[in-house]
Amino acid sequence: MLKCRTVWKKLAPLARASSNVCRQNVRRTGLTNGRIPAHVPAAHMSTGPAGGGRENQLYILLVGATFLGGGVYAYRTVKGDQQRYQERIDEISSRPHRVATQVPAAPILSEPPAVPEPEPEAAPSPEEPSPPAPDTEVVAPSETTEPPPADEPVLEAPPEEAAEPPAAPVVEEEPSPPSEPSPAEVIEPPPAELAEAPPIELIEPPPAELAEAPPIELIEPPPAELAEAPPAELTELSPAPVVESEPTAAAESPAAEPPESQPEVVAESGVDIVPASLKVPSHTPYLLIGGGTASFAAARSIRARDPGAKVLIVTDEPDLPYMRPPLSKELWFSDDPTVTETLRFKQWNGKERSIYFQPASFYIPPEELESAENGGVAVLTGRKVVHMDVRGNKVKLDNDTEISYDKCLIATGGMPRNLQVIERAGEEVMEKTTLFRKIEDFKSLDKVSRNINSITIIGGGFLGSELACALGRRSNESGLEVIQMYPEKGNMGKVLPEYLSNWTTEKVKSEGVKVISEALVKSVTCKDDKLEIQLKDGRLVKTDHIVAAVGLEPNVDLAKSAGLEVDSDFGGFRVNAELQARSNIWVAGDAACFYDIRLGRRRVEHHDHAVVSGRLAGENMTGANKPYWHQSMFWSDLGPDVGYEAIGIVDSSLPTVGVFAKATAKDTPKAATEKSGTGIRSESETEDTATSPVASSTPAPAMVQHKDDYGKGVIFYLRDKVVVGIILWNVFNRMPIARKIIKDGEEHADLNEVAKLFNIHED
C-alpha cells in the first residue's frame with residue numbers, strides 16, 4: 001500500500017493536468033462549433049480540436065494503469081501476509097510435538113524413582129550419579145549428559161525456555177507419548193525436563209526439575225532460582241506432592257543426597273514465608289519507627305479505631321515497648337535484689353507492676369504479621385531504620401532490608417547529650433561515664449554503683465535530681481559517696497523559682513547527696529583509675545564514675561533522607577497541628593516540634609506528651625484529622641515524700657506567684673498513687689477533663705510565703721500577666737483544672753483566688 005500511495009503521488013499531478021487540458025479543449029470545441037456550425041467539415045467534427053483526443057486517451061490510460069498496479073500490489077501483499085501467518089501458525093502448532101519428543105524421558109525416568117534409589121540401575125546411573133546431583137548440578141548438568149555431543153545445542157536453547165514458560169501443562173497433556181523416544185533422547189533434553197516435569201525431576205535429574213518447581217529450585221541453584229521465581233510462585237507451587245516427594249527422596253538416599261538443603265525448602269514452603277533471611281514483612285499498612293511510649297500509644301490507638309489493623313514497630317533497642325520514668329524513680333527504691341532482671345517494682349501505693357506496657361504475649365511475631373487474619377501489633381527489635389524513601393513509601397533497615405508502608409509514624413525520641421569536655425577526654429574517661437536513657441543504662445549504673453566508692457552526677461534538672469536522690473538513698477546503706485554538680489544555684493534552678501529551688505537542694509542533701517552548685521566543668525582526666533573533674537573556678541573533684549544528665553538531643557537522623565524539616569530553634573521534626581510532617585508521615589513524642597495554639601511552637605520531652613501525641617498521631621493515621629491542642633503535663637518525685645506535677649511553660653526566668661499551705665499525710669506522691677492506683681500519673685490524668693471547679697471556702701494565706709517549709713502549693717508562671725505555666729507542689733489529681741486555666745488564657749487580678757480552685761487549703 002505504501003508503494004501504491006507513492007506511485008499515485010507521482011502520477012496525480014500529470015493526471016490533473018491532463019484533466020484540465022481536456023476540459024479546456026471541450027469548452028473551446030463547444031464555443032467554436034456554436035459560432036461557425038455551417039463551415040466546420042464533418043471530418044474535423046469527428047476528430048475534434050487538435051490534440052484534444054490524445055490527451056483524453058493518455059489520461060484514461062494513466063488512471064487505469066494506476067488502479068491496476070495498486071490492485072496487483074494489494075493482492076500480492078495480502079497473499080504474502082496470509083502465507084506468513086500460516087507459517088507462523090504451523091510453527092506454533094508444531095511446538096508441542098517437539099516438546100513431547102523431549103518429555104518422554106521424564107516419564108521413563110519417573111518410573112525408576114518409583115523404585116527408591118536404585119541408582120545403580122543401568123541407564124540412569126552412568127548418565128547422572130544421583131548422589132552429587134543436587135550440589136554439582138549447576139556446574140555440570142550438561143557434563144553428565146554430554147556423552148552424545150549432539151545434546152549440547154539442545155541444552156543451550158531449552159534453558160531459556162525453561163525459565164520463562166512453565167511447561168507443566170505440556171507434561172500433563174503428553175504423558176502417553178513418552179514411550180517413543182529412545183534413551184539417547186532422555187539424555188539429550190535434561191534442560192527441557194528442567195522446565196517441564198516437576199514431580200520426576202527430583203529423582204532422575206534433580207537439577208532439571210529444579211527450574212520447574214520453585215521449592216526445588218531452591219535446592220539446585222538457590223540464588224538463581226530465588227531471583228527468577230518470586231516468593232508468590234514459591235507459595236503457589238509448593239503443593240503437597242512436592243513436599244512428599246522430597247522426604248521420599250531423602251529416605252531413598254540417606255547418605256548419598258545432601259539432606260541439608262531439602263529440609264530448608266520444606267520448612268520455607270510449609271511455613272509459606274519469604275526466604276529464611278527475610279524475617280520481616282515486606283509491607284505493612286502501619287509502620288511505627290521507634291519502640292518507646294509514643295509508638296506504643298499510637299499502636300494502641302490505631303488498633304482501637306481499626307481492630308483489624310496490622311502494625312509493625314521497629315526499634316533499635318532489644319526490648320519491647322516500656323515506660324522510662326521508673327528507670328530513674330521507683331526501680332531504685334525496690335527491695336528486690338533481682339530488680340534488674342525482673343524490671344518489676346512496687347509503686348508508692350505498694351502495688352507491683354512491670355515497666356513493660358504489655359507482656360510478650362500481647363504482640364505477634366513479625367513474620368506472622370502479613371498472614372494474621374485479625375491483624376495485630378508486631379515488634380521488630382534490634383533493628384534501626386537508616387533511610388526513608390518518602391516518595392516510594394518505604395524504609396531501609398540497617399541490614400539492607402526494605403519495608404514498604406501505607407502510613408508511617410516517626411517516634412525516634414532522643415539521645416542523651418554529653419559534655420564536650422568528656423567527649424574530648426578520650427576512651428578511658430568515656431568508659432567511666434554513663435549517659436542515662438535506656439534499660440541497659442539502668443542495669444549498668446546499678447551494677448557500677450554497687451562496686452565503686454564514689455559517683456558524680458553532672459546536671460541539676462529532672463533526671464539529675466531524681467538519680468541523685470535515688471543513689472543518695474542507697475549511699476546510706478552502702479557508704480557510696482554521691483556528688484551532684486550543676487551550673488545553677490540550686491536543684492531544678494531552670495524550672496523552680498529560686499526560693500523553691502533552694503528548698504529542693506536542702507531536700508536532696510538530706511538524702512545523703514553532696515551538692516556542688518555553680519559548677520562549670522573545665523576538664524576531665526583519668527589518673528590512677530580515678531576521674532578528676534576540674535572546675536573553672538579551680539575546684540577539683542575526684543570520683544570513680546560520672547553520670548551525665550545534661551539534657552536530650554532529638555533524634556532526627558532520618559530528616560535528611562526523608563527530606564523533612566528540622567526546627568532550628570527547638571530541634572525535632574516540624575509538624576503541623578495534626579502532627580503530620582509530610583503526606584502519610586506523622587511525628588510524635590520527643591522528636592516532634594509542634595505548634596501550640598496558646599504557647600507557640602514547642603518541643604516537649606515528657607512521658608505524658610509522648611502518650612498524648614502518640615495517641616493523637618495514631619488516630620490521625622486512621623483518618624481522624626484532629627488537631628493537637630492538649631497541654632501535656634510532667635511530674636517528678638524526689639523520693640516518696642516530695643513530688644510535683646507541672647504543665648505549660650515552667651521557666652524560672654518568668655515572673656512567678658506561689659500560694660502554699662500546710663501539707664498533710666495525704667499530700668505525698670505515695671498517697672497520690674494510693675488514690676489513683678498507678679505511679680504513672682499521666683495515665684489517669686490525661687483522660688480527665690476539667691469541670692467547673694468549686695473553690696474552697698477556706699481562707700487562703702498570703703501569697704508567696706517565704707518559709708523554710710513548703711508543704712504543698714501552686715506556683716503560677718506569668719507572661720504578659722497571663723498564666724502560661726503551673727506547678728502543683730505536692731498537690732495531685734488536679735491537673736485538669738490547671739490545664740483549663742492555661743487554655744482560657746485570661747488575666748487574673750487575684751491569683752490567690754485562683755489557687756482556691758485546687759482546694760489546697762482543705763485538711
Side-chain angles (χ1 to χ4, degrees), residues 490 492-504 596-600 602 604 608 629-636 642-669 671-672 675 681 685-686 688-763:
M492 310 295 298
K494 292 183 177 180
V495 176
L496 302 177
E498 184 176 357
Y499 62 89
L500 198 55
S501 173
N502 294 335
W503 184 90
T504 304
D596 190 317
I597 57 176
R598 287 294 178 190
L599 307 177
R602 305 173 62 201
V604 181
D608 180 62
W629 58 267
H630 178 79
Q631 287 293 334
S632 62
M633 57 87 70
F634 63 91
W635 80 100
S636 180
V642 177
Y644 57 89
E645 299 175 352
I647 187 173
I649 300 178
V650 285
D651 186 342
S652 59
S653 63
L654 295 175
T656 61
V657 174
V659 180
F660 293 87
K662 184 178 180 179
T664 64
K666 298 184 300 182
D667 302 317
T668 62
K675 182 177 181 180
R681 294 194 286 277
E685 294 292 347
T686 54
D688 296 338
T689 55
T691 56
S692 300
V694 178
S696 172
S697 57
T698 307
M703 293 186 295
V704 191
Q705 309 165 48
H706 294 284
K707 299 179 180 180
D708 293 336
D709 183 20
Y710 300 96
K712 64 177 180 180
V714 181
I715 301 97
F716 300 97
Y717 291 76
L718 307 176
R719 186 170 63 187
D720 298 331
K721 298 182 180 181
V722 175
V723 176
V724 295
I726 297 176
I727 285 183
L728 304 180
W729 187 262
N730 272 345
V731 176
F732 307 99
N733 302 319
R734 297 288 189 275
M735 191 51 63
I737 301 174
R739 183 173 289 114
K740 186 176 186 303
I741 292 173
I742 294 178
K743 184 179 179 180
D744 292 343
E746 300 176 355
E747 291 188 19
H748 298 278
D750 187 358
L751 289 175
N752 198 7
E753 292 297 322
V754 178
K756 292 181 180 180
L757 300 176
F758 297 92
N759 297 331
I760 62 174
H761 304 297
E762 291 183 351
D763 294 334

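In this structure, CD1 in I737 is found 9.5 Å from CD1 in I726, a value given to the nearest 0.5 Å. The CD1 atom of I727 sits 15.0 Å away from atom CH2 of W635, with the distance rounded to the nearest 0.5 Å.
A pairwise comparison of heavy atoms in V650 and F634 identifies CG2-CZ, 3.4 Å as the closest pair. The minimum heavy-atom distance linking K712 with K662 is given by the pair CE-O, 3.4 Å. Contact between R719 and V724 at its shortest, heavy atoms only, is CB-CG1, 3.9 Å. A661 and I760 get closest at one heavy-atom pair: CB-O, 3.5 Å. The shortest non-hydrogen separation linking W729 to Y710 is NE1-O, 3.0 Å. For I742 against I647, the heavy-atom pair with the smallest separation is CD1-CG2, 3.7 Å.
With a 4.5 Å cut-off on side-chain heavy atoms, L500 and M492 do not count as touching. The closest side-chain heavy-atom distance from D608 to M735 is not below 4.5 Å. Counting only heavy atoms from C-beta outward, the side chains of K743 and Q631 never approach each other to under 4.5 Å. Between V657 and L718, some side-chain heavy-atom pair lies under the 4.5 Å cut-off. Between L757 and I741 there is a side-chain heavy-atom pair separated by less than 4.5 Å.
Partners of D744 by salt bridge (Lys or Arg N to Asp or Glu O under 4.0 Å), not counting sequence neighbours, listed by chain and number: K740. Listed by chain and residue number, nothing satisfies the side-chain hydrogen bond (donor to acceptor under 3.5 Å, both in side chains) test with N502 (two or more places apart in sequence, or in another chain).
Distance alone, capped at 3.5 Å, is enough to place a donor-acceptor pair between the R734 side chain and the F758 backbone. The closest donor-acceptor contact from the side chain of Y717 to the backbone of V495 lies under 3.5 Å. In this structure, D651 contributes its side chain and S653 its backbone to a donor-acceptor pair below 3.5 Å.
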